[in-house]
Asker: 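The structure is given below, and queries will be raised subsequently.
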Amino acid sequence: MDQNECWLARFRKEFIVSEPVESCRIRISADSRYKLYVNGRLAEIGPSKGDRQVWFYDEVEIAPFLRTGENVIAAQVLRYPMLHSKGNHGIFRTEMPGLYVKEQQGKENMLGISGDPSWKCSMEKGFRIISESPYFAPLQILEERSGFAGDAGWKEPGYQDGDWADAFVYIEPAVSKAVSPGNLLERTIPYMRKEMRRFTGLVCIRRSEASEEEWERMLSGDGHVMLAPHSRTEVEINAGELNTGFLSLRMQMGAGSTVKVLTSEGYVRIEEEKGPMRLPRKGDRCDWENGQLHGFTDTYHVAGYGKDDQEETYEPFWFRTFRFIRLEITAGEEPLCLTGFDYLETGYPLEARTQVTTSDSSLEAVWDISLRTLKRCMHETYEDCPFYEQLQYAMDSRSQILYTYMVAADDRLARKCMDDFRRSQRYDGLLNCSYPCYGPNVIPGFSIYYILMLYDHMMYFGDREFLRQHMGTVDGILEYFRRNLDERGLAGRMGGINGKDRYWSFIDWTAQWDETSGMPRAGLSGPITMESLLYIMGLDHAAKVLDYLGRSQVAREYRSRADEVRKAVNIYCRDEAGMYTDGPGIREYSQHCQVFALLTDTVSVEKGRENLKRTLEAKADYAQCSVAMAHYLFRALQKAGLYEETDREWDLWRNMVKKNLTTCVEDGVNERSDCHAWGALALYELPAVVLGVHPEEPGYETIGIAPVEGCFTWAKGEAATKWGMVKVDWKKENGKFRLDYQAPEGVKVRVCPS
């Protein structure tokens, strides 16, 4: 067994149930991932993502899967090697690969299924992980896999496992309780949704001897597709919307056939790819006549053991992200019968309760794609994108957390997110910009967004005990910035271009900064103003949290430090017209610096409004805030009394709808990802600003209702809070503003009508 390659292990244990079992709970975990089956039925998938310090176990009720007589509990375990580049970047691994199972209910080991040498195990033959790209491949989930006749029925009772090995059991002294995997902790988040879904049907048949009707019947679960020996088939299938799920392709016969399954976000233009990551050019995501599917491909070599009622099933271990699927099939010496193709939708069980309608009907579709985007980017962590990375980035997550609070008032995944980042702190005080992440990955400014997450949690939930655990981490972050102030009092040059410098000074994806990987070009020769402004923002928000915790002396220190950096920015990073430059002495400008100068009170509201208007009127002269930074642009426009200007900014999202997207793109420059949840902006703007529902005091002790009219003439809906739903209905008519609202009883409400 090559320790530098991924492998897929199988474990099984047969046992007898003599009488009906009301409850049997087991604790289960694995390095790196498991799929648990009881009598052939999928029971659970896990564990929740941990790291070198914390490993999680799941507690699963298996009684509903048991039956009187013979039973089997079985598990697949995907093991990633210790070598970083050979494994999923978001999944940790330990020096003790394997499966952990311990019975919990009733008498100790009532059914005899706790892990011991009576379990059987084997390695799956013909399985290997294929890297998705030679340039950047953080997922490592694509498979090339071969079926074997001897595998048939291994998850079912009665399978002959005599040639399987006895499981090896680690002796207790060998497993350190201080670190993973010995440091097993209870799962902190809900289990992921697992809902059976069918594809909506065919997009097109590129090549197939079978008819469209036969394909449609098979996809609907009411038929099959028979492919002749040596035939070649290529069909493209529609899921109806971008989704995440575990694929399941079932077949009979077909020995020697090869099936390739390409998963894609959408159709791209048929022309040369661009950029170092070979990204395709995108337009109408449904234009199959003038485009082609771009994506990742799994390959399965059919064993052909499926005879009569028995099916051979190919199910990739990891969930896939897709809106469209292309099946490319080369049949072997015998016919291949496809009996079913569907998927198990998965994701965090978000219960979105907030609903908003406004006088701008175009935003209804924007709300729809935004909510879907947030859902698709929530699994065991928040994710930047489910298609390319599935990594939890701090900047992305801060926005996603706010969106979650506003639509569901749910902080469970948010708390895990903040705990994850707390454990990522490095020796120098900075956090990993994405975490859990098996390797180092640092964007200095992203540590500030973690501080903003804590401030948001204070305002929406007010859990002092939770916040106290994080303040040491906050101090370490802010100390890093303090130590790196230059002789002028500015945040010194901390990073640079992604992959070329020690750290990456990413700010936003803009056309002007595309060649510098999202960093203002001023960073090529010195510090960037944005990192000083982010430092000020971190100090200010940390001070507010400290005041809430009764630590006013440190809060005063932070405010004093922020004032000093403000002075330095105003001296060295502002031109004679009062516009903020991207770096000291650099005549390059961005909307971003004007936005953050206003949000940090580095500039007066009056002057900040003037600066913002310049960036809106002369867009070509200023790097514009893209999808990633839109939340902050909208906050600045709100603060400046220019919220009506957001109408033009929504065009970026309206164009997504016109391009037939069902989720929000990563940016407006390269549109790398079709599903990036920092773009789910409407989920905050419409309930928190247009309806005006927000926490007026920490812990939502007072519900604020302060609608901002902007370009709207009316809005109505209800927003989720930790106290319950708040209903708002306002209308502007004949120069008069009418506001009606309904809030949960017993909660203070402060109304600030427009």
Asker: Kindly assign one of parallel, tilted or perpendicular to the pair Tyr393 and Phe446, based on the angle between their ring planes and the thresholds 30° and 60°.
Answerer: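 Rings of Tyr393 and Phe446: perpendicular, over 60°.
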
Asker: Check this for me, if you would: do Asp582 and Arg587 make a salt bridge, where the nitrogen-to-carboxylate-oxygen distance has to be below 4.0 angstrom?
Answerer: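 So Asp582 does not pair with Arg587 through a salt bridge.
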
Asker: Among Arg493, Met519, Met494, which residue satisfies the side chain to side chain contact (heavy atoms under 4.5 Å, CB included) criterion with Asp501?
Answerer: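 That would be Arg493; it is the only one of Arg493, Met519, Met494 passing the side chain to side chain contact (heavy atoms under 4.5 Å, CB included) with Asp501.
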
Asker: For residues Asp396 and Tyr449, is any side-chain donor paired with an opposing acceptor at under 3.5 Å?
Answerer: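 Per modelled atom types, Asp396 and Tyr449 side chains form no pair under 3.5 Å.
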
Asker: Work out which heavy atom in Cys675 is nearest to a heavy atom in Pro386; give both atom names and the distance.
Answerer: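 The pair with the smallest heavy-atom distance is O-CD, 3.5 Å.
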
Asker: Parallel, tilted or perpendicular, judged at 30° and 60°: which one describes the rings of Tyr589 and Tyr622?
Answerer: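 Ring orientation of Tyr589 relative to Tyr622: perpendicular.
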
Asker: Under the ring pair (Phe, Tyr, Trp, His ring centres under 6.0 Å) test, which residues partner Tyr435, sequence neighbours left out?
Answerer: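 In terms of ring pair (Phe, Tyr, Trp, His ring centres under 6.0 Å), with neighbours along the sequence ignored, Tyr435 is linked to Phe92.
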
Asker: Taking only Lys NZ, Arg NE, NH1 and NH2, and the carboxylate oxygens of Asp or Glu, determine whether Glu265 and Arg376 approach each other closer than 4.0 Å.
Answerer: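 No salt bridge links Glu265 with Arg376.
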
Asker: Can you sort out the partners of Lys49 under side chain to side chain contact (heavy atoms under 4.5 Å, CB included), two or more places apart, ordered by chain and number?
Answerer: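 Scan of Lys49 (side chain to side chain contact (heavy atoms under 4.5 Å, CB included), adjacent residues dropped) gives Arg33, Ile91, Glu380, Thr381, Lys416, Pro436.
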
Asker: Apply salt bridge (Lys or Arg N to Asp or Glu O under 4.0 Å) to Asp514 and list each qualifying residue two or more places apart in sequence or on a separate chain.
Answerer: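 Checked Asp514 against salt bridge (Lys or Arg N to Asp or Glu O under 4.0 Å); zero matches.
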
Asker: For Gln594 and Tyr580, indicate whether the former's side chain and the latter's backbone hold a donor-acceptor pair under 3.5 Å.
Answerer: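 Yes, Gln594 side chain to Tyr580 backbone: donor-acceptor pair under 3.5 Å.
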
Asker: Could you go through Trp513 and His592, starting from their C-alpha distance and side-chain angles, then the distance that decides it, and tell me whether this counts as ring pair (Phe, Tyr, Trp, His ring centres under 6.0 Å)?
Answerer: CA-CA 12 Å; Trp513 303 341; His592 306 72; 4.7 Å; yes

Asker: Would you say that more than 12 heavy atoms from the other residues, nucleotides or ligands in this model lie under 6.0 Å from the CZ of Arg521, or not?
Answerer: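 It does not: Arg521 CZ has 12 such atoms or fewer within range.
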
Asker: List, one per line, each side-chain donor-acceptor pair under 3.5 Å for residues 468-477, sequence neighbours excluded.
Answerer:
unit_1 : atom_1 : unit_2 : atom_2 : d
His470 : ND1    : Tyr450 : OH     : 2.7
His470 : NE2    : Asp419 : OD1    : 3.1
Asp475 : OD1    : Tyr558 : OH     : 2.6

Asker: In terms of heavy-atom contacts, does CD of Glu617 have more than 12 from other residues, nucleotides or ligands at under 6.0 Å?
Answerer: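 Yes.
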
Asker: So that I can tick it off, tell me whether Arg482 and Glu557 are bridged by a salt bridge, with the cut-off set at under 4.0 angstrom between side-chain N and carboxylate O.
Answerer: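 Salt bridge absent between Glu557 and Arg482.
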
Asker: Can you confirm if the NZ or CZ of Arg426 lies within 45° of the ring axis of Tyr480 and under 6.0 Å from the centre of its six-membered ring?
Answerer: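 Cation-pi check for Arg426 and Tyr480: fails.
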
Asker: Could you pull out all residues at least two apart from Arg285 that satisfy salt bridge (Lys or Arg N to Asp or Glu O under 4.0 Å)?
Answerer: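 With neighbours one apart ignored, the set is Glu671, Asp674.
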
Asker: Please check if the side chain of Trp653 supplies one atom and the backbone of Gly679 the other of a donor-acceptor pair under 3.5 Å.
Answerer: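 Pair found, side chain donor or acceptor close to backbone of Gly679.
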
Asker: I'd like to know if the side chain of His457 pairs up with that of Asp411 as donor and acceptor (distance under 3.5 Å, no hydrogens or angles considered).
Answerer: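 Side-chain D/A pair, His457 to Asp411: present.
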
Asker: Identify, with sequence neighbours excluded, every residue that meets side chain to side chain contact (heavy atoms under 4.5 Å, CB included) alongside Asp360.
Answerer: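 For Asp360 the side chain to side chain contact (heavy atoms under 4.5 Å, CB included) partners, ignoring immediate neighbours, are Thr358, Ser362, Leu363, Asp647, Arg654, Phe712.
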
Asker: Under 30°, 30 to 60°, or over 60°: which ring-plane class applies to Phe461 and Tyr405, parallel, tilted or perpendicular?
Answerer: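 Ring orientation, 0 to 90° scale: perpendicular.
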
Asker: If the condition is salt bridge (Lys or Arg N to Asp or Glu O under 4.0 Å), which residues does Lys658 pass it with, not counting sequence neighbours?
Answerer: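 With neighbours one apart ignored, the set is empty.
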
Asker: Mind checking what makes side chain to side chain contact (heavy atoms under 4.5 Å, CB included) contact with Val268, not counting sequence neighbours?
Answerer: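 Here the qualifying residues are Pro280, Lys282, Gln292, His294.
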
Asker: Could you work out, with side chain to side chain contact (heavy atoms under 4.5 Å, CB included) as the rule, every residue matching Leu642, not counting sequence neighbours?
Answerer: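 Here the qualifying residues are Arg609, Leu612, Lys613, Leu637, Ala640, Glu644, Glu645.
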
Asker: Pairs in or reaching into residues 527-537: which pass side-chain hydrogen bond (donor to acceptor under 3.5 Å, both in side chains), with residues at least two apart or in two chains?
Answerer: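 Listed by first then second residue: Ser505-Glu531, Tyr535-Arg561.
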
Asker: Should the pair His89 and His84 be assigned to parallel (<30°), tilted (30 to 60°) or perpendicular (>60°) ring geometry?
Answerer: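 The rings of His89 and His84 sit tilted, inter-plane angle from 30° to 60°.
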
Asker: Under the salt bridge (charged side-chain N to carboxylate O under 4.0 Å, His left out) rule, what pairs show up with a residue in residues 592-608, not counting sequence neighbours?
Answerer: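 Qualifying pairs, neighbours excluded: Asp601-Lys639, Lys607-Glu610.
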
Asker: Mind checking what makes salt bridge (Lys or Arg N to Asp or Glu O under 4.0 Å) contact with Arg566, not counting sequence neighbours?
Answerer: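 Residues passing salt bridge (Lys or Arg N to Asp or Glu O under 4.0 Å) with Arg566: Asp540, Asp563.
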
